[in-house]
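A short worksheet on the structure shown next.
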Amino acid sequence: MPVQYISAFTVVLEVLSRFWPVWIALLIVMGASFAYKKKLALYGQLFDSGVGIVGVGICLFWLFTAIFAATISPFDPLAQVPIMKDVLPGAIEPQSGLTYLFGGDKLARDVFSRMVYGSQIVLIIAPAATGFALMVGITLGLPAGYYGGKIDTVLSFLANLVLAFPVILLFYLLVTPGIMDTPIPYAMAGVFFLFPIIFFSVLFWTRYKNRPDRLYILLGITLIVGGWIYAGLVFDADPLKIVHIDPNQLNIFVAVVFASSPGVFRIVRGLVMDIKTRDYVAAAQTRGESPWYIMLWEILPNARGPLIVDACLRIGYTTILLGTLGYFGLGLAPESPDWGTAIKDASRLLRSFIHPALPPTIALMSFVLGLNLLADSLREQSMKD
(Lines give C-alpha, C1' and ligand atoms only; values in the text may rest on other atoms or scores of the structure.)
Protein backbone atom coordinates (compact mmCIF):
# COMPACT_ATOMS: atom_id res chain seq x y z
CA MET A 1 0.00 0.00 0.00
CA PRO A 2 1.61 3.30 -1.09
CA VAL A 3 2.11 6.05 1.47
CA GLN A 4 -0.23 9.02 1.05
CA TYR A 5 0.81 12.65 1.53
CA ILE A 6 -0.82 15.91 2.58
CA SER A 7 -0.05 19.24 0.92
CA ALA A 8 2.80 21.50 2.04
CA PHE A 9 0.33 24.15 3.21
CA THR A 10 -1.46 21.59 5.37
CA VAL A 11 1.89 20.49 6.83
CA VAL A 12 2.65 24.07 7.87
CA LEU A 13 -0.76 24.49 9.48
CA GLU A 14 -0.49 21.17 11.31
CA VAL A 15 3.01 21.99 12.59
CA LEU A 16 1.75 25.29 13.95
CA SER A 17 -1.23 23.58 15.55
CA ARG A 18 0.97 20.92 17.21
CA PHE A 19 2.72 23.70 19.12
CA TRP A 20 -0.54 25.02 20.63
CA PRO A 21 0.60 24.63 24.29
CA VAL A 22 3.78 26.54 23.45
CA TRP A 23 1.83 29.42 21.89
CA ILE A 24 -0.46 29.65 24.92
CA ALA A 25 2.46 29.58 27.36
CA LEU A 26 4.34 32.20 25.32
CA LEU A 27 1.28 34.45 25.21
CA ILE A 28 0.83 34.26 28.97
CA VAL A 29 4.49 34.73 29.91
CA MET A 30 5.31 37.41 27.32
CA GLY A 31 2.09 39.27 28.07
CA ALA A 32 2.77 39.25 31.81
CA SER A 33 6.37 40.28 31.19
CA PHE A 34 5.28 43.29 29.14
CA ALA A 35 2.65 44.28 31.70
CA TYR A 36 5.01 44.10 34.70
CA LYS A 37 8.37 44.81 33.08
CA LYS A 38 9.01 47.81 35.34
CA LYS A 39 8.84 45.52 38.37
CA LEU A 40 10.98 42.73 36.93
CA ALA A 41 14.41 44.39 37.24
CA LEU A 42 16.94 43.18 34.66
CA TYR A 43 14.53 40.69 33.05
CA GLY A 44 11.95 43.44 32.54
CA GLN A 45 14.54 45.69 30.90
CA LEU A 46 15.02 43.10 28.15
CA PHE A 47 11.60 44.09 26.77
CA ASP A 48 12.78 47.62 26.08
CA SER A 49 14.60 46.49 22.91
CA GLY A 50 13.61 44.41 19.92
CA VAL A 51 16.74 42.27 20.25
CA GLY A 52 15.83 41.40 23.84
CA ILE A 53 12.24 40.54 22.94
CA VAL A 54 13.31 38.23 20.10
CA GLY A 55 15.99 36.59 22.24
CA VAL A 56 13.62 35.95 25.13
CA GLY A 57 10.92 34.73 22.75
CA ILE A 58 13.17 32.17 21.02
CA CYS A 59 14.59 30.85 24.30
CA LEU A 60 11.12 30.56 25.85
CA PHE A 61 9.84 28.83 22.73
CA TRP A 62 12.35 26.01 23.09
CA LEU A 63 11.91 25.90 26.85
CA PHE A 64 8.16 25.37 26.52
CA THR A 65 8.75 22.93 23.67
CA ALA A 66 10.88 20.83 26.00
CA ILE A 67 8.26 21.04 28.76
CA PHE A 68 5.33 20.08 26.52
CA ALA A 69 7.25 17.65 24.28
CA ALA A 70 4.93 14.73 25.07
CA THR A 71 1.89 16.78 24.02
CA ILE A 72 3.45 18.27 20.90
CA SER A 73 4.97 15.10 19.46
CA PRO A 74 2.57 12.83 17.55
CA PHE A 75 4.93 9.82 17.83
CA ASP A 76 7.43 8.26 20.19
CA PRO A 77 10.88 9.54 19.08
CA LEU A 78 12.24 5.97 19.12
CA ALA A 79 9.25 4.29 17.45
CA GLN A 80 9.91 2.72 14.06
CA VAL A 81 7.32 2.13 11.34
CA PRO A 82 9.07 0.25 8.50
CA ILE A 83 6.81 1.57 5.76
CA MET A 84 7.76 5.15 6.73
CA LYS A 85 11.49 4.80 6.10
CA ASP A 86 12.87 7.94 4.41
CA VAL A 87 9.38 9.22 3.58
CA LEU A 88 9.10 12.87 2.61
CA PRO A 89 7.43 15.51 4.81
CA GLY A 90 3.66 15.20 4.98
CA ALA A 91 3.50 11.40 4.78
CA ILE A 92 0.49 9.84 6.51
CA GLU A 93 1.26 6.86 8.73
CA PRO A 94 -1.31 4.21 7.67
CA GLN A 95 -2.08 2.63 11.04
CA SER A 96 -2.63 5.73 13.19
CA GLY A 97 -3.58 8.19 10.48
CA LEU A 98 -1.13 10.70 11.96
CA THR A 99 1.35 12.55 9.79
CA TYR A 100 5.13 12.42 9.65
CA LEU A 101 5.20 16.21 9.43
CA PHE A 102 8.92 16.49 8.64
CA GLY A 103 9.21 13.04 7.09
CA GLY A 104 10.97 9.92 8.30
CA ASP A 105 14.65 9.13 8.81
CA LYS A 106 16.63 6.10 7.66
CA LEU A 107 15.31 4.07 10.62
CA ALA A 108 11.69 5.04 9.89
CA ARG A 109 11.37 7.35 12.91
CA ASP A 110 9.39 10.59 12.88
CA VAL A 111 11.83 13.49 12.35
CA PHE A 112 9.43 16.04 13.86
CA SER A 113 9.00 14.10 17.11
CA ARG A 114 12.74 13.55 17.42
CA MET A 115 13.41 17.25 16.95
CA VAL A 116 10.91 18.12 19.67
CA TYR A 117 12.25 15.58 22.15
CA GLY A 118 15.80 16.63 21.30
CA SER A 119 15.07 20.00 22.90
CA GLN A 120 14.66 18.28 26.27
CA ILE A 121 18.19 16.90 26.17
CA VAL A 122 19.72 20.23 25.14
CA LEU A 123 17.77 22.28 27.69
CA ILE A 124 18.68 19.92 30.52
CA ILE A 125 22.37 19.30 29.94
CA ALA A 126 23.55 22.68 28.60
CA PRO A 127 22.04 25.04 31.24
CA ALA A 128 22.63 22.63 34.14
CA ALA A 129 26.27 22.00 33.20
CA THR A 130 26.79 25.74 32.71
CA GLY A 131 25.28 26.38 36.14
CA PHE A 132 27.67 23.96 37.80
CA ALA A 133 30.59 25.48 35.88
CA LEU A 134 29.54 28.90 37.20
CA MET A 135 29.51 27.54 40.76
CA VAL A 136 33.02 26.11 40.37
CA GLY A 137 34.41 29.19 38.63
CA ILE A 138 32.85 31.66 41.08
CA THR A 139 33.87 29.71 44.19
CA LEU A 140 37.50 29.56 43.05
CA GLY A 141 37.65 32.92 41.24
CA LEU A 142 36.53 35.01 44.21
CA PRO A 143 39.43 34.14 46.55
CA ALA A 144 41.95 34.18 43.68
CA GLY A 145 41.03 37.75 42.72
CA TYR A 146 40.50 39.02 46.27
CA TYR A 147 43.52 37.56 48.06
CA GLY A 148 46.00 37.35 45.18
CA GLY A 149 49.42 36.00 46.08
CA LYS A 150 50.03 32.25 46.21
CA ILE A 151 46.33 31.38 46.08
CA ASP A 152 45.93 33.29 42.84
CA THR A 153 49.15 31.82 41.42
CA VAL A 154 48.17 28.21 42.07
CA LEU A 155 44.56 28.51 40.93
CA SER A 156 45.46 30.54 37.85
CA PHE A 157 48.12 27.97 36.88
CA LEU A 158 45.57 25.14 37.11
CA ALA A 159 43.03 27.12 35.08
CA ASN A 160 45.58 27.97 32.40
CA LEU A 161 46.65 24.32 32.29
CA VAL A 162 43.10 23.27 31.35
CA LEU A 163 42.66 26.16 28.94
CA ALA A 164 45.86 25.15 27.15
CA PHE A 165 44.06 22.11 25.69
CA PRO A 166 41.96 22.64 22.54
CA VAL A 167 38.33 22.36 23.63
CA ILE A 168 37.29 19.75 21.07
CA LEU A 169 40.33 17.61 21.88
CA LEU A 170 39.63 17.92 25.58
CA PHE A 171 36.03 16.83 25.08
CA TYR A 172 37.15 13.99 22.83
CA LEU A 173 39.44 12.69 25.57
CA LEU A 174 36.83 12.99 28.31
CA VAL A 175 33.90 11.33 26.54
CA THR A 176 35.59 8.38 24.84
CA PRO A 177 34.22 4.95 25.82
CA GLY A 178 37.52 4.04 27.50
CA ILE A 179 37.18 6.90 30.00
CA MET A 180 33.51 6.10 30.57
CA ASP A 181 34.44 2.63 31.84
CA THR A 182 36.76 4.03 34.53
CA PRO A 183 35.94 5.73 37.86
CA ILE A 184 37.34 9.02 36.54
CA PRO A 185 33.98 10.62 35.55
CA TYR A 186 32.44 9.72 38.92
CA ALA A 187 35.46 11.02 40.82
CA MET A 188 35.34 14.31 38.89
CA ALA A 189 31.57 14.53 39.41
CA GLY A 190 32.06 13.92 43.13
CA VAL A 191 34.37 16.95 43.29
CA PHE A 192 32.47 19.32 41.00
CA PHE A 193 29.04 18.64 42.52
CA LEU A 194 30.33 19.60 45.96
CA PHE A 195 30.87 23.21 44.88
CA PRO A 196 27.19 24.30 44.90
CA ILE A 197 26.78 22.89 48.42
CA ILE A 198 29.93 24.67 49.59
CA PHE A 199 28.96 27.91 47.84
CA PHE A 200 25.47 28.19 49.34
CA SER A 201 26.63 27.04 52.78
CA VAL A 202 29.28 29.78 52.90
CA LEU A 203 26.82 32.28 51.39
CA PHE A 204 24.25 31.73 54.15
CA TRP A 205 26.87 31.46 56.90
CA THR A 206 28.45 34.83 56.10
CA ARG A 207 25.06 36.53 55.90
CA TYR A 208 23.21 35.03 58.86
CA LYS A 209 25.90 33.86 61.29
CA ASN A 210 24.51 36.27 63.87
CA ARG A 211 20.95 35.06 63.29
CA PRO A 212 21.08 31.34 64.16
CA ASP A 213 17.31 30.88 63.86
CA ARG A 214 17.44 31.62 60.13
CA LEU A 215 20.96 30.27 59.57
CA TYR A 216 20.19 26.74 60.78
CA ILE A 217 17.07 26.52 58.60
CA LEU A 218 18.89 27.65 55.45
CA LEU A 219 21.91 25.46 56.13
CA GLY A 220 19.64 22.50 56.81
CA ILE A 221 17.77 23.00 53.54
CA THR A 222 21.06 23.40 51.65
CA LEU A 223 22.59 20.24 53.08
CA ILE A 224 19.45 18.12 52.71
CA VAL A 225 18.58 19.21 49.17
CA GLY A 226 22.23 19.37 48.11
CA GLY A 227 23.00 15.97 49.59
CA TRP A 228 19.92 14.47 47.95
CA ILE A 229 20.88 15.80 44.51
CA TYR A 230 24.52 14.86 45.10
CA ALA A 231 23.64 11.28 45.99
CA GLY A 232 21.40 10.94 42.95
CA LEU A 233 23.88 12.41 40.45
CA VAL A 234 27.12 10.89 41.70
CA PHE A 235 26.06 7.58 43.25
CA ASP A 236 22.65 7.09 41.58
CA ALA A 237 21.36 6.54 45.12
CA ASP A 238 18.30 8.80 45.21
CA PRO A 239 15.80 6.89 47.38
CA LEU A 240 12.90 8.60 45.59
CA LYS A 241 14.31 7.78 42.12
CA ILE A 242 13.76 11.36 40.99
CA VAL A 243 17.36 12.54 40.55
CA HIS A 244 19.08 10.30 38.03
CA ILE A 245 21.55 10.70 35.20
CA ASP A 246 22.71 8.06 32.74
CA PRO A 247 26.44 7.24 32.74
CA ASN A 248 27.03 8.68 29.26
CA GLN A 249 25.12 11.85 30.18
CA LEU A 250 27.18 12.14 33.38
CA ASN A 251 30.34 11.84 31.32
CA ILE A 252 29.29 14.68 29.02
CA PHE A 253 28.08 16.72 31.99
CA VAL A 254 31.42 16.41 33.77
CA ALA A 255 33.32 17.20 30.57
CA VAL A 256 31.33 20.43 30.07
CA VAL A 257 31.88 21.53 33.69
CA PHE A 258 35.59 20.71 33.55
CA ALA A 259 36.14 22.54 30.26
CA SER A 260 33.98 25.59 31.13
CA SER A 261 35.03 26.24 34.73
CA PRO A 262 38.48 27.74 33.94
CA GLY A 263 36.91 30.31 31.63
CA VAL A 264 34.42 31.35 34.32
CA PHE A 265 37.29 31.44 36.85
CA ARG A 266 39.28 33.86 34.68
CA ILE A 267 36.29 36.17 34.23
CA VAL A 268 35.41 36.19 37.95
CA ARG A 269 39.02 36.70 38.97
CA GLY A 270 39.36 39.72 36.66
CA LEU A 271 36.09 41.24 37.87
CA VAL A 272 37.05 40.81 41.53
CA MET A 273 40.47 42.41 41.01
CA ASP A 274 38.71 45.47 39.58
CA ILE A 275 35.77 45.69 41.98
CA LYS A 276 37.77 45.15 45.19
CA THR A 277 39.30 48.63 44.74
CA ARG A 278 35.88 50.34 44.93
CA ASP A 279 34.87 52.56 47.84
CA TYR A 280 32.00 50.36 49.03
CA VAL A 281 34.42 47.45 49.43
CA ALA A 282 36.72 49.64 51.52
CA ALA A 283 33.69 50.68 53.60
CA ALA A 284 32.82 47.04 54.24
CA GLN A 285 36.40 46.34 55.28
CA THR A 286 36.25 49.31 57.64
CA ARG A 287 33.07 47.89 59.23
CA GLY A 288 35.03 44.75 60.01
CA GLU A 289 33.21 42.43 57.61
CA SER A 290 34.88 39.09 56.87
CA PRO A 291 36.62 38.58 53.50
CA TRP A 292 34.06 35.98 52.36
CA TYR A 293 31.18 38.29 53.29
CA ILE A 294 32.75 41.02 51.17
CA MET A 295 33.34 38.65 48.27
CA LEU A 296 29.84 37.15 48.29
CA TRP A 297 27.67 40.08 49.35
CA GLU A 298 29.58 43.16 48.16
CA ILE A 299 31.65 42.12 45.13
CA LEU A 300 29.66 39.27 43.53
CA PRO A 301 26.33 41.19 43.21
CA ASN A 302 28.17 43.97 41.40
CA ALA A 303 29.69 41.47 38.98
CA ARG A 304 26.36 39.87 38.06
CA GLY A 305 25.95 41.68 34.72
CA PRO A 306 29.02 40.27 32.95
CA LEU A 307 28.44 36.86 34.56
CA ILE A 308 24.84 36.65 33.31
CA VAL A 309 25.97 37.59 29.81
CA ASP A 310 28.75 35.00 29.95
CA ALA A 311 26.30 32.35 31.18
CA CYS A 312 24.00 32.92 28.18
CA LEU A 313 26.89 32.75 25.74
CA ARG A 314 28.33 29.70 27.49
CA ILE A 315 25.02 27.83 27.24
CA GLY A 316 25.13 28.52 23.49
CA TYR A 317 28.71 27.28 23.22
CA THR A 318 27.80 24.19 25.22
CA THR A 319 24.84 23.52 22.93
CA ILE A 320 27.14 23.69 19.90
CA LEU A 321 29.66 21.39 21.61
CA LEU A 322 26.93 18.87 22.41
CA GLY A 323 25.89 18.95 18.78
CA THR A 324 29.50 18.52 17.68
CA LEU A 325 30.01 15.56 20.01
CA GLY A 326 26.79 13.99 18.77
CA TYR A 327 27.91 14.50 15.18
CA PHE A 328 31.15 12.63 15.88
CA GLY A 329 29.29 9.86 17.67
CA LEU A 330 30.79 10.79 21.05
CA GLY A 331 27.71 12.26 22.64
CA LEU A 332 24.70 10.38 23.93
CA ALA A 333 23.47 6.92 22.96
CA PRO A 334 23.20 6.29 19.17
CA GLU A 335 19.39 6.18 19.33
CA SER A 336 19.19 9.47 21.25
CA PRO A 337 17.03 12.18 19.62
CA ASP A 338 19.47 14.95 20.55
CA TRP A 339 20.07 17.36 17.69
CA GLY A 340 23.75 16.52 17.15
CA THR A 341 23.11 12.81 16.80
CA ALA A 342 20.15 13.50 14.48
CA ILE A 343 22.33 15.67 12.23
CA LYS A 344 25.04 12.99 12.15
CA ASP A 345 22.56 10.26 11.19
CA ALA A 346 20.96 12.41 8.49
CA SER A 347 24.25 13.66 7.02
CA ARG A 348 25.13 10.22 5.71
CA LEU A 349 22.28 10.34 3.22
CA LEU A 350 22.32 14.00 2.25
CA ARG A 351 22.68 13.27 -1.46
CA SER A 352 19.47 11.24 -1.41
CA PHE A 353 17.37 12.76 1.39
CA ILE A 354 17.97 16.21 2.82
CA HIS A 355 14.77 16.58 4.84
CA PRO A 356 15.90 14.61 7.98
CA ALA A 357 18.91 16.93 8.44
CA LEU A 358 17.10 20.27 8.23
CA PRO A 359 14.85 20.26 11.37
CA PRO A 360 17.57 19.48 13.96
CA THR A 361 19.99 21.84 12.21
CA ILE A 362 17.50 24.72 12.20
CA ALA A 363 16.51 23.94 15.80
CA LEU A 364 20.13 24.04 16.97
CA MET A 365 20.84 27.21 15.02
CA SER A 366 17.72 29.02 16.26
CA PHE A 367 18.30 28.14 19.92
CA VAL A 368 21.91 29.37 19.82
CA LEU A 369 20.75 32.50 17.95
CA GLY A 370 18.20 33.19 20.69
CA LEU A 371 20.86 32.84 23.38
CA ASN A 372 23.22 35.18 21.52
CA LEU A 373 20.50 37.80 21.07
CA LEU A 374 19.63 37.46 24.76
CA ALA A 375 23.30 37.90 25.69
CA ASP A 376 23.59 41.00 23.47
CA SER A 377 20.58 42.59 25.11
CA LEU A 378 21.84 41.73 28.60
CA ARG A 379 25.20 43.22 27.74
CA GLU A 380 23.56 46.49 26.70
CA GLN A 381 21.53 46.62 29.92
CA SER A 382 24.54 45.81 32.11
CA MET A 383 26.51 48.63 30.47
CA LYS A 384 23.67 51.04 31.28
CA ASP A 385 23.69 49.89 34.91
Side-chain angles (χ1 to χ4, degrees), residues 42 59 122-148 151-171 174 185 188-203 226 229 233 250 252-276 291-292 294-322 324-325 368 371-372 374-376 378-379 382-383:
L42 182 60
C59 292
V122 171
L123 269 77
I124 290 175
I125 294 181
T130 301
F132 275 93
L134 284 172
M135 290 289 99
V136 175
I138 290 173
T139 305
L140 297 178
L142 286 173
Y146 187 81
Y147 289 114
I151 295 177
D152 182 25
T153 301
V154 173
L155 293 176
S156 295
F157 173 77
L158 295 175
N160 291 333
L161 194 63
V162 177
L163 291 171
F165 281 86
V167 175
I168 296 298
L169 177 60
L170 183 62
F171 270 75
L174 290 174
M188 295 175 67
V191 174
F192 291 145
F193 294 168
L194 280 175
F195 277 88
I197 300 176
I198 296 172
F199 176 84
F200 286 105
S201 296
V202 176
L203 182 75
I229 296 175
L233 292 178
L250 177 68
I252 296 172
F253 202 95
V254 169
V256 172
V257 176
F258 182 72
S260 300
S261 298
V264 179
F265 166 85
R266 297 273 306 263
I267 293 173
V268 173
R269 172 182 173 272
L271 290 170
V272 173
M273 293 178 69
D274 174 48
I275 296 175
K276 72 177 183 179
W292 275 101
I294 295 173
M295 284 185 268
L296 292 171
W297 294 99
E298 298 289 346
I299 295 177
L300 186 58
N302 289 284
R304 68 185 184 278
L307 288 178
I308 293 173
V309 173
D310 177 73
C312 291
L313 292 173
R314 203 167 291 278
I315 292 173
Y317 298 152
T318 302
T319 303
I320 295 173
L321 282 172
L322 291 175
T324 304
L325 289 174
V368 174
L371 288 169
N372 288 339
L374 186 60
D376 287 342
L378 287 170
R379 185 186 295 112
S382 64
M383 290 177 64

Output the distance between atom [atom1] ([X]) and atom [atom2] ([Y]), rounded to the nearest 0.5 Å.
{"X": "T139", "Y": "L203", "atom1": "OG1", "atom2": "CG", "answer": "10.0 Å"}
{"X": "R269", "Y": "L155", "atom1": "CZ", "atom2": "CG", "answer": "9.5 Å"}
{"X": "L140", "Y": "S261", "atom1": "CG", "atom2": "OG", "answer": "8.0 Å"}
{"X": "I315", "Y": "N372", "atom1": "CD1", "atom2": "CG", "answer": "11.0 Å"}
{"X": "R379", "Y": "L313", "atom1": "CZ", "atom2": "CG", "answer": "6.0 Å"}
{"X": "L194", "Y": "S201", "atom1": "CG", "atom2": "OG", "answer": "10.0 Å"}

Would a 4.5 Å heavy-atom cut-off, applied to side chains only, mark [X] and [Y] as touching?
{"X": "I267", "Y": "R314", "value": "yes"}
{"X": "F199", "Y": "L296", "value": "yes"}
{"X": "Y147", "Y": "M295", "value": "yes"}
{"X": "P262", "Y": "N160", "value": "no"}

Closest heavy-atom contact between [X] and [Y]?
{"X": "L374", "Y": "C59", "value": "CD2-SG, 4.1 Å"}
{"X": "V254", "Y": "A189", "value": "CG2-CB, 3.7 Å"}
{"X": "A126", "Y": "T319", "value": "CB-OG1, 3.7 Å"}
{"X": "P196", "Y": "M135", "value": "CG-CG, 3.9 Å"}

Exercise for review: Begin from the C-alpha positions of L378 and C312 and carry the test side chain to side chain contact (heavy atoms under 4.5 Å, CB included) through to its verdict.
Suggested key: CA-CA 9 Å; L378 287 170; C312 291; 3.5 Å; yes

**Study point:** Side-chain donor/acceptor of R304 to backbone N/O of P301, under 3.5 Å
**Key:** yes

Review point. How are the rings of F193 and F132 set to each other: parallel, tilted or perpendicular (split at 30° and 60°)?
Key: tilted

Practice item. Apply side chain to side chain contact (heavy atoms under 4.5 Å, CB included) to I138 and F195, showing your working. Key: CA-CA 9 Å; I138 290 173; F195 277 88; over 6 Å; no

Practice item. Kindly determine whether L271 and L307 satisfy side chain to side chain contact (heavy atoms under 4.5 Å, CB included), including the steps that lead there. Key: CA-CA 9 Å; L271 290 170; L307 288 178; 4.3 Å; yes

Exercise for review: Please step through side chain to side chain contact (heavy atoms under 4.5 Å, CB included) for the pair Y317 and V368, ending with a clear verdict.
Suggested key: CA-CA 8 Å; Y317 298 152; V368 174; over 6 Å; no

Check your understanding: Is the CZ atom of F192 crowded by more than 12 outside heavy atoms at less than 6.0 Å?
Key -> yes

Exercise for review: Scan V268, I294, D274 and name whichever one has a side-chain contact (heavy atoms from CB on, under 4.5 Å) with I299.
Suggested key: I294

